[in-house]
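For reference, the structure is listed below as structure tokens.
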Amino acid sequence: MSARERCRLAVFASGAGSNLRAILAHAERNPDWPGQVVLVVSDKPGCGATAIAAAAGVPVFAARVREFADKAAFEQAVLSQLRAHQVAGIALAGYMRLVGPVLLSAYGGRIVNLHPSLLPAFPGRTAVQDALAAGVRETGVTVHWVDEGLDTGPVIAQWRVPVYADDDVERLWARLHRVEHLLYPVVLGELARQWLTGAAGATAGG
Ligand code: GRF
């Protein structure tokens, strides 16, 4: 597959970036993977994800929202970068911020998120802690379309993960991360294939 045929993707991240690393590694191992990460966007300059992107030679746009007049101005700056890099689809991977109207109106139906629970159960930042506190015997990982809510968009894919009696947050997180690193690149590849042909979107694919 030539570079021209790949779907140009941006990954948004605020943290360690293990999912970004997994996506890049998957693309490297699978020459037929139909996506290409052409930009990493972060609201946390210096976070792990920006270092992983830089080491892989992927362009980074990293800036703090407080450097801008407001969140809309931040998103306008992000949008300029997305357009400059001809990004067709966005994968949130530990992006700890709600996507606002500027990006949703430009990329609505082409933004997906990864979440460490079986949504709609346990939305929000403390999904793993909440699952443990609730005493559930099973949780999981969800890939879903992004809308204006917090982890509320239609589900694309889920993978169930057991919770064991002696689990703590660290052990459960590790199990969930292993699944995320397998699931997200595969789902993104399928979406990239559909985006290349204009077939996927929150309404069509959700
Ligand atoms: C992932 O576990 C994802 O489910 C959540 O944020 C975490 C990011 O981890 N939305 P990493 O930065 O990819 O390691």
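Every number for a ligand or one of its atoms is a count from 1 in the order of the listing.
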Yes or no on side-chain hydrogen bond (donor to acceptor under 3.5 Å, both in side chains) for Ser117 and His115, after CA distance, side-chain angles and deciding distance? CA-CA 6 Å; Ser117 76; His115 184 77; 3.3 Å; yes
Derivation of the side chain to side chain contact (heavy atoms under 4.5 Å, CB included) call for Gln158 and Val141: CA-CA 6 Å; Gln158 292 186 310; Val141 168; over 6 Å; no
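Under a 4.0 Å criterion applied to the non-hydrogen atoms of Leu114, ligand 1 contributes the atoms 3 (C), 4 (O), 5 (C), 10 (N). For ligand 1 and Trp173, the ligand atoms under 4.0 Å from any heavy atom of the residue are 2 (O). Close approach of ligand 1 to Ala16 (heavy-atom distance below 4.0 Å) involves ligand atoms 12 (O), 14 (O). Close approach of ligand 1 to Ser18 (heavy-atom distance below 4.0 Å) involves ligand atoms 11 (P), 12 (O), 13 (O), 14 (O).
For Ala13, the closest heavy-atom approach to ligand 1 does not fall below 4.0 Å. Proximity of Tyr95 to ligand 1 is not established, as no heavy-atom distance is less than 4.0 Å. Under the 4.0 angstrom criterion for non-hydrogen atoms, Gly17 is in contact with ligand 1.
Between Asn113 and ligand 1, no N or O atom pair is found at a separation short of 3.5 Å.
In this structure, Ser14 and Lys44 have side chains that are in contact, with non-hydrogen atoms separated by less than 4.5 Å. Taking the side chain as every heavy atom from C-beta outward, Tyr107 and Val99 never approach each other to under 4.5 Å. For the pair Arg171/Asp166, a side-chain contact is recorded, criterion being any heavy-atom separation below 4.5 Å from C-beta on.
With a 4.0 Å heavy-atom cut-off, ligand 1 is reached by the side chain of Glu180 but not by its N, CA, C or O.
Hydrophobic clustering, with ILVMFWY side chains joined whenever heavy atoms are under 4.5 angstrom apart, groups Val143 together with Leu182.
Here the protein heavy atom with the shortest distance to atom 8 (C) of ligand 1 is Gly94 CA, 3.5 Å. Of all protein heavy atoms, the one lying nearest to atom 9 (O) of ligand 1 is His177 NE2, 3.4 Å.
Applying side chain to side chain contact (heavy atoms under 4.5 Å, CB included) to Ile156 and the options Leu188, Asn113, Leu191 leaves one that passes, Leu191.
Taking the six-membered ring where the residue is Trp, Phe61 and Phe74 present tilted rings, their angle falling between 30° and 60°.
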